[in-house]
Enquirer: 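Below: one structure in structure tokens.
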Protein chains: 2
Amino acid sequence: MMKWWGWGDPQKTFPMHDKPNLWNWLSEILNLTSDQKVTEVVARSQVNMPSPNMNDDFLLEVSSRLEKNQIFTNDDERLLHSYGKSYADLFYARKGIVKRAPDLIIYPKTHEEVEMIMKSAHFHNVCVIPFGGGTNIVGGVDPRDQTITAKGVRTIVSLDMKHMNKVLSVDPKSHTAVIQAGAIGPDLENQLQEQGWSLGHFPDSFEYSTLGGWLATRSAGMQSDAYGKIEDMLVSLKMVAPVGTIVTRTVPTSSAGPDINKWVVGSEGILGVITEATMRIHKLPEIKDYKGFIFPSFEKGVAAIQECLDKNWIPSMIRLQDAGESKLAFNMKSPKTGVEALLQKQIKNFLTLTGYTSPCIMIIGFEGEPKNTKIISQEVLKILKKYRAFSLGKNVGKTWSKDKFNIPYLRDYVMDYGIMVDVAETAATWSKILPVYYKTIEEIKNKFHEENDGYGYVGCHISHTYKTGACLYFTYATKQIPGNEMAQYYSFKKLITDTFLKNGATLTHHHAVGYDHSPWMETEISATGIKALKAVKVSLDPKNICNPNKLLPVEEEMRLGVFGIDAPEMVQQNKARAKKRSGHMGRSTHEQPVE
Amino acid sequence: MMKWWGWGDPQKTFPMHDKPNLWNWLSEILNLTSDQKVTEVVARSQVNMPSPNMNDDFLLEVSSRLEKNQIFTNDDERLLHSYGKSYADLFYARKGIVKRAPDLIIYPKTHEEVEMIMKSAHFHNVCVIPFGGGTNIVGGVDPRDQTITAKGVRTIVSLDMKHMNKVLSVDPKSHTAVIQAGAIGPDLENQLQEQGWSLGHFPDSFEYSTLGGWLATRSAGMQSDAYGKIEDMLVSLKMVAPVGTIVTRTVPTSSAGPDINKWVVGSEGILGVITEATMRIHKLPEIKDYKGFIFPSFEKGVAAIQECLDKNWIPSMIRLQDAGESKLAFNMKSPKTGVEALLQKQIKNFLTLTGYTSPCIMIIGFEGEPKNTKIISQEVLKILKKYRAFSLGKNVGKTWSKDKFNIPYLRDYVMDYGIMVDVAETAATWSKILPVYYKTIEEIKNKFHEENDGYGYVGCHISHTYKTGACLYFTYATKQIPGNEMAQYYSFKKLITDTFLKNGATLTHHHAVGYDHSPWMETEISATGIKALKAVKVSLDPKNICNPNKLLPVEEEMRLGVFGIDAPEMVQQNKARAKKRSGHMGRSTHEQPVE
């Protein structure tokens, strides 16, 4: 289990020791006046856990059918399942504030157990929130229901899928594997790799997140350029809904009506719980070749990527960092000494003189069968050179690879110093990529000026590319406004998300919607799209027990009344829109009608 | 417009003159005793058109808002829109039997006109069947509604999209184009190719079918190995439903909830009318390289394909014909004379001696940028040789290419001689491909024995390949059983479809569901999947005006009562299943409730 107040292994902190420049550089651009920690995480004993609302009939029923070690009602487990890992989640957790916690945590072991639990939850009107790694950063796993029934406030179950972590079978001829949804990244890869296969899905949260979570949120991994997003690897699945189970066929593709797999993928637990999936797998790559380059500008890097895609030479991974993020990367390197330092300085001078004034790092990866990989790599490198890519060799790739899963720990580190830090990601077509990039950076910097004399960090990288466009991933940080931290956080989120949508980009490329992005869903998929989504929700989950108040836009009264902790800005923005809404989803503070 | 009684250009018939062997060979395997035509198409004047059920208020309303030449109520237009092009459609059309025809045909010119028409149809409770090229072979465009309202039987509009045929814009940076849904293949390709682009979608029906039809049925084109199925090329779309319009965002991908594009794709007009789509386009390939090969067996060909995919060398097209279909192809060739004939004979002898006793033809195509294409082609050819592919050079590819859009005309030709002829296609994972293939061929041949002393034609080809599996496409023909033609036709369809589903294949890979395949939909997507689909149908189309009684399973009373022409076998099969069903979709013979 992760820290209850932060990211990852409770024994681990961000490795600062081998990055002597980093803190000085960050302190300077964030205008930190001392290196004293300004905020501390409260002691576990200081956390004020709300008392549980227990539906005893439900508890009795599931207890009679499961083993003792599958059901927990203690506060430690409840706390661990109260939050995902968004900045807002951590902000509250660190202060020991828990407004709502799940009332019990159940660890199912089989698909049939999930069916039994769901049936019982449906009968007893108990909410079910699927919990994979708990790494969601948009409020996707937080309990957000205060429906009052005859028995009081509804019980909320956090359904922790961690014990359903097996690769059930591999079909080597068809390149498919049947995998349980609770398998976390390393578990799943180890089981596949033992047999010579790989799923090839490595999101930043890989060490903790699960297959079911990836599918429920349309996750993208680092090698998505070669293997696609998780939905592209999906062949078939099982999803347990309150009224029954959706089972799709294990076939390469079909034209038997709309692809029901794609109705389930991205549904974020609001329709039911994904229990297993047949996934396309890949032979374990014989070659893994990662290289670093410097481009004179972000624009040159973008142009190089476009030409590679255009000519159909597709690497497994392309990560292009803008000048802001490249500076962060340079400051994370261990300083060289002696001859190496001299050489590095000379290279730097040479690059500066020849026009690399805002150097941008690209990490590029090639994986696969030797011959194919070699040819693609050769052709790609020719194109990169055309755009003045300066080779940094293999070490940069290795450094990046070593630290890639450590970055989330850095957030915990800087939060100790009173820093607000968040990420925002989107995707846009190639003709809109640079306009969206420029506008977003400009808006964030303007806000730094408004709030903090211009101090703040913002960087961006292109993390996933497609023939038609790419994903832009922004990271930003600035000093918290004491006493107004959540308003500040949400106003950044609103500003950036509005900028994405106004400029033709998508609400989210791979972080999903959860609670935090739901106000923009109507803009994203149109009112009629929302109607379709709600119809499926109501038909599969008539009592609204499945991860309520996620994905679909929520009434503003909900945000104010139940979760008064939300910033008024967010509420204001939804007011006009929410007025038009009515019906099923709006009745969430009252007893739901039983169909 | 196509022939009202058959395929394609009314001026055109299947070119037999350059295939002197074909008819003798076919006559022999089908056991035709004479070459006299046994059935004739009735004269147009003999066609008995049902009288129209006209909702005058609706007609008045749309007439006041459209031009005169956009609305037709004459019998010629009604006849042309009464049927698609399935064997059953043609069987009835040729006899002059039209049980139900659309009552009026409207040709919209803009998205806004479609919105107006749909709104009016919704208000007046009038059915709307989108009509693209009318090439559907599973009953997808046939009027199948007999709902009785206060004003009598409901009016049915066939919404012919042919005038919405423009490429509205091309975004060369993003490799996308906005295209109206009524554009037929050649229209759309010409407009794109003028600007140096191609959609790269060439289904067998290419000359007549439309973008909207492709999207509504999840069509696959001949180059799908390189470019994907139509749904893989889709970036965003507009679909007009009775309660509103779904508009999705033009972004490369997203994780903002389930992909609403994929809710619409494959919906076959039951949710509304697709009016335009933004599609991924490709630079017009500089190289088009098609080659023919002979494999000693189907199995060797399959193994060769699998190794190509395994090593990630992906041609644009692979078409592997089994021995049955290869024989047909050999018999379609013009006979050689002189030295060429001698050479051909020697090659044939050599191949027979060295084990090519059941020779299987493979046509393989490479398209794209010269360097990339050359490398892929070289590597693929190396693999093919490993599996004893014998090169036939480029001519076979050319011959196939020349005749590829003529094959549907052959059906009309053989139907004149009292032959039942149909196609069936599916997809399965690689571990199931050969078992499904063997079992299906066996079942068809057994039926030839039962019905016709074993006389009949059956052949199969692999037409589309994926990393996880492939599409199997069967063609079969045998003598009609006079007086019992439809029972015969449906019993073949039932036999083959049951065989597909029992052996783990899909109901259909690219022909879609329409009316004919709907009894198997529950087996394909599970009862809970049907529930989800129905929920969206009811929410977007509460009066069930959009292409009623397609895609979703229909009550057996409907099949018997309203369309008594259907075979009793089909009805029987659905009886048990249908009993469980109730609710909205079952009330189709009564007035629908108005929300």
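Heavy-atom basis, side chains included; hydrogens, waters and symmetry copies ignored. Please read these numbers as outputs of a predicted model, since none were measured by experiment. Chain A is the first sequence line, chain B the second, and so forth, proteins listed ahead of strands; every chain is numbered from 1.
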Enquirer: For residues 263-274 of chain A, which side-chain N or O atoms pair as donor and acceptor with protein atoms under 3.5 Å away, sequence neighbours left out?
Expert:
{"unit_1": "S267(A)", "atom_1": "OG", "unit_2": "V264(A)", "atom_2": "O", "d": "2.6"}
{"unit_1": "E268(A)", "atom_1": "OE1", "unit_2": "G514(A)", "atom_2": "N", "d": "2.6"}
{"unit_1": "E268(A)", "atom_1": "OE2", "unit_2": "V513(A)", "atom_2": "N", "d": "2.8"}

Enquirer: Is it the case that the side chains of K467(A) and N312(A) hold a donor-acceptor pair, with the cut-off being a distance below 3.5 Å and no angle test?
Expert: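 N312(A) vs K467(A): donor-acceptor pair found between side chains.
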
Enquirer: Can you say whether A512(B) sits under 4.5 Å from chain A via the side chain, the backbone, both, or neither, judging by heavy atoms?
Expert: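 Contact with chain A is through both the backbone and side chain of A512(B).
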
Enquirer: Within residues 230-240 of chain B, which positions have a heavy-atom distance to chain A below 4.5 Å?
Expert: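 From residues 230-240 of chain B, the residues near chain A are E231(B), V235(B).
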
Enquirer: With chain B, which of H509(A), H282(A), E369(A) has the greatest number of heavy-atom pairs at distances under 4.5 Å?
Expert: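 Greatest number of close heavy-atom pairs with chain B: H509(A).
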
Enquirer: So which part of E379(B) gets closer than 4.5 Å to some heavy atom of chain A, the side chain, the backbone, both or neither?
Expert: side chain

Enquirer: Could you check if a side-chain atom of S539(B) sits within less than 4.5 angstrom of a side-chain atom of K534(A), using non-hydrogen atoms only?
Expert: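 Side chain of S539(B) against side chain of K534(A), heavy atoms only: no contact under 4.5 Å found.
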
Enquirer: Under a 3.5 Å distance rule, please check whether T465(A) uses its side chain to pair with a backbone N or O of A470(A) as donor and acceptor.
Expert: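 Not a single qualifying donor-acceptor pair exists.
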
Enquirer: More than 12 non-hydrogen atoms from neighbouring residues, nucleotides or ligands closer than 6.0 Å to NZ on K531(B), yes or no?
Expert: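 Not buried by this count: 12 neighbours or fewer within 6.0 Å.
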
Enquirer: Non-hydrogen atoms of chain B under 4.5 Å away: do they reach the side chain of S431(A), the backbone, both or neither?
Expert: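 The answer is both parts of S431(A).
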
Enquirer: Relative to chain B, which of L309(A), T250(A), T176(A) shows the most heavy atom pairs under 4.5 Å?
Expert: T250(A)

Enquirer: If we define contacts as heavy-atom pairs under 4.5 Å, which of K371(A), Q306(A), R280(A), K311(A) has the most with chain B?
Expert: K371(A)

Enquirer: Has N547(A) got a side-chain atom pairing as donor or acceptor with K550(A)'s backbone, closer than 3.5 angstrom?
Expert: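 A pair under 3.5 Å: no.
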
Enquirer: Assess, by modelled atom type and distance only, whether the side chains of H510(A) and S255(B) contain a donor and an acceptor separated by less than 3.5 Å.
Expert: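 On atom types as modelled, these side chains do not qualify, holding no pair under 3.5 Å.
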
